[in-house]
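Notes for the one structure printed next.
The structure presented is a predicted model; accordingly, all values stated were derived computationally and were not measured. Computation of the quantities below employed the complete heavy-atom set of this structure, encompassing side-chain atoms and omitting hydrogens, waters and symmetry-equivalent molecules.
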Amino acid sequence: MEKELLSIDNISKKFDDKLAIKNFSLKIFKGDCIGLIGPNGAGKTTLLRMITGLLSPTTGNVIFDGEVIKNQKEFIGYLPQYPNYYEWMTPREFLKFSCKLFNMDISMINERIEEVLSKVGLLEDCDRVISGFSGGMRQRLGIAQAIIHKPKFVVLDEPVSALDPIGRREILNLINDIKKESTIIFSTHILADAQEVCDRFCVVKKGTMLDDFYLLDMLTNNSYIKLNIRLIDNDFEWINYLKNMQTIDTVFLNQNNIIIKFNAEIDSWKFDFLKSLIDYNVNFSKIEVNNFSLEDYFMQLMEDKYEKFSFTDN
């Protein structure tokens, strides 16, 4: 098992009369790439600011590599949700300024700046003023300052939320590269991006932990095949018939959309299901086949409006 790098021990954060984070605990291990996911207002930014030591918890502790986080800030890289720059600076000047803040060895600064600018794809723009940069370039520069000092742990707050598809792809590629060398936690509400990059997820809602899991465990322990079906008309006689099919575990019905989960270990599900479509003359516009979906699981944790039919009921 990997070494524990950071321990969040039962922290809470209160602003005036509002409790933003409630009794939150999490252990982060060296090599983790964690997606912190939750709806807007879940407390993700507050939690990340406490993890970096920029914000002190009202109760509880954050321990990094055996010491209180406020004594270990030099080992952490941080990209805030809305990074601020001195607009008149160039990327080279900005990173040199960042290096001095981290008390880096002067003899190594220029070499490290060249290395990082190349990594984030800004070497050719290193002498342009930041005021002329696009949103994607600004995010890449923000990541550059977060990793300039070779941190053990990198914290990214919504690094792709305001970007177009090209900018998002650039940042996701960067995160994939950075996680080879550093432990990462980043917040996002774009679940497809998180599932592509992360190997572990922490789901929060209203400042409370709902679940903490590794994606591989979910894929291994959720052996099922899922069909998303768009019905033209709700055929309740057919839906009731599905209750008696041994190959089906559960059904979720939301207006004209139906999600069916089959037991993937039973090979006959295809024949049985397709025969039922013909027998009941089911009118549908599309069928999609998927396996485990982070989005579906997230929506279940958020208590989505799906109506669930249990096949263990009589």
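Tyr85 has its ring centre no less than 6.0 Å from the ring centre of Phe133. Taking the six-membered ring for Trp and the full ring otherwise, Tyr280 and Tyr241 have centroids separated by under 6.0 Å.
Proximity of a side-chain donor or acceptor of Gln145 to a complementary backbone N or O of Ser98 within less than 3.5 Å is not detected. Counting only distance, with no hydrogens or angles, the side chain of His149 and the backbone of Ile76 share a donor-acceptor pair below 3.5 Å. Looking only at distances, a side-chain donor or acceptor of Arg128 sits under 3.5 Å from a matching main-chain atom of Gly132. When atom types are taken as modelled, the side chain of Asp164 and the backbone of Ile166 share a donor-acceptor pair closer than 3.5 angstrom. Judged by distance alone, the side chain of Glu4 and the main-chain N or O of Phe29 form no donor-acceptor pair under 3.5 Å.
Looking at heavy atoms from C-beta onward, Phe298 lies in side-chain contact with Pro39 at the 4.5 angstrom threshold. No side-chain heavy atom of Arg138 sits less than 4.5 Å from a side-chain heavy atom of Pro83. Side-chain atoms of Ile175 and Ile184, non-hydrogen and from C-beta on, do get closer than 4.5 Å to each other. Between Leu6 and Phe153, the closest side-chain pair of non-hydrogen atoms falls below 4.5 Å. Side-chain contact between Thr183 and Leu5: present, with at least one pair of heavy atoms (C-beta onward) separated by less than 4.5 Å. Inter-residue side-chain proximity for Ile190 and Arg168 is flagged as met; some heavy-atom pair is nearer than 4.5 Å. Side-chain contact check for Ser25 versus Ile8: every heavy-atom pair is 4.5 Å or farther apart. Side-chain contact between Ile11 and Thr59: absent, with no pair of heavy atoms (C-beta onward) separated by less than 4.5 Å.
Criterion: ILVMFWY side-chain heavy atoms under 4.5 Å apart, direct or through other members. Under it, Leu79 and Phe75 are not part of a common hydrophobic cluster. Leu210 and Phe186 fall into different hydrophobic clusters, where Ile, Leu, Val, Met, Phe, Trp and Tyr residues are linked whenever their side-chain heavy atoms come under 4.5 Å apart, directly or through other members. If you chain together hydrophobic residues whose side chains sit under 4.5 Å apart, Ile178 and Leu163 fall into the same group. Following chains of ILVMFWY side-chain contacts shorter than 4.5 Å, one cannot reach Ile185 starting from Leu191, and the two form parts of different hydrophobic clusters. Cluster membership for Trp88 and Ile130, using ILVMFWY side-chain heavy atoms within less than 4.5 angstrom, is shared.
Between Leu294 and Gln195 the shortest heavy-atom distance is CB-OE1, 3.1 Å. Residues Gly77 and Pro151 share a closest heavy-atom pair of N-CB, 3.5 Å. Of all the heavy atoms in Cys202 and Phe24, the pair that sits closest is SG-CZ, 3.5 Å. Smallest separation of non-hydrogen atoms from Gly136 and Ile171: O-CD1, 4.4 Å. Residues Lys27 and Ser7 approach most closely at NZ-OG, 3.3 Å, considering heavy atoms. Ile37 and Ala194 make their closest contact through CG2-CB, 4.4 Å (heavy atoms, listed as atom of the first residue, atom of the second, distance).
Salt bridge Arg92/Asp127: present, at least one basic N to carboxylate O contact under 4.0 Å. The pair Asp32-Lys179 does not meet the salt-bridge criterion, since no charged nitrogen lies less than 4.0 angstrom from a carboxylate oxygen. Under 4.0 Å is where a charged nitrogen must lie from a carboxylate oxygen, and between Arg200 and Asp212 at least one such pair does. A salt bridge does not link Glu114 to Lys119: none of the charged nitrogens lies less than 4.0 Å from a carboxylate oxygen. Glu93 has no carboxylate O lying under 4.0 Å from a charged side-chain N of Lys96, or vice versa, which leaves the two without a salt bridge. Between Lys275 and Asp272 no salt bridge is recorded (no basic side-chain N to carboxylate O distance below 4.0 Å).
The structure places CD of Glu115 at 8.0 Å from CD1 of Ile148, a figure rounded to the nearest 0.5 Å. Summarising the geometry, atom CG belonging to Leu101 is positioned 12.5 Å from atom NZ belonging to Lys73; distances are rounded to the nearest 0.5 Å. Atoms CG and OG1, on Asp157 and Thr46 in that order, are 9.5 Å from each other to the nearest 0.5 Å. Summarising the geometry, atom CD1 belonging to Ile69 is positioned 8.5 Å from atom CD1 belonging to Ile63; distances are rounded to the nearest 0.5 Å. Put simply, CD1 on Ile34 and CG on Leu26 are 5.5 Å apart, with the number rounded to the nearest 0.5 Å. Between Ile51 atom CD1 and Leu55 atom CG the span is 11.5 Å, to the nearest 0.5 Å.
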Show your working on ring-ring contact (aromatic ring centres under 6.0 Å, His included) between Phe213 and Tyr297 and close with a plain yes or no. CA-CA 12 Å; Phe213 59 91; Tyr297 184 60; 5.4 Å; yes
Next item on the list: Might you work through the side-chain contact (heavy atoms from CB on, under 4.5 Å) test for Lys152 and Lys30, ending with a clear yes or no?
Entry: CA-CA 8 Å; Lys152 296 180 181 179; Lys30 184 179 179 181; over 6 Å; no
- Message: Test side-chain contact (heavy atoms from CB on, under 4.5 Å) on Lys13 and Leu19; report intermediate values, then the result.
- Response: CA-CA 6 Å; Lys13 184 62 182 179; Leu19 193 58; over 6 Å; no
| Stepwise, does the salt bridge (charged side-chain N to carboxylate O under 4.0 Å, His left out) test hold for Glu196 with Arg169? | CA-CA 11 Å; Glu196 178 181 339; Arg169 174 49 49 197; 2.6 Å; yes
I'd like to know whether Met137 forms a side-chain contact (heavy atoms from CB on, under 4.5 Å) with Leu141, so could you lay out the CA-CA distance, the side-chain angles of the two residues, the decisive distance to 0.1 Å, and finally the verdict. CA-CA 6 Å; Met137 295 171 74; Leu141 180 58; over 6 Å; no
message = Run the side-chain contact (heavy atoms from CB on, under 4.5 Å) test on Glu158 and Thr188 for me, step by step, so that the C-alpha distance in whole Å, both residues' side-chain angles and the decisive distance to 0.1 Å come before the verdict.
response = CA-CA 5 Å; Glu158 299 281 3; Thr188 184; 4.3 Å; yes
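By the 6.0 Å contact criterion, CD on Glu124 is open, its count of non-hydrogen atoms from other residues, nucleotides or ligands being 12 or less. Residue Glu295 qualifies as open at atom CD: its count of foreign heavy atoms under 6.0 Å is 12 or below. Heavy atoms from other residues, nucleotides or ligands lying under 6.0 Å from OH of Tyr214 number more than 12. Within a 6.0 Å sphere centred on OH of Tyr82, other residues, nucleotides and ligands contribute 12 heavy atoms or fewer.
Figure legend: Lys100 and Phe102 shown without cation-pi pairing, the cationic atom not lying both under 6.0 angstrom from the six-membered ring centre and within 45 degrees of its axis.
No hydrogens or angles considered: a donor-acceptor pair under 3.5 Å links the side chains of Trp238 and Ser276.
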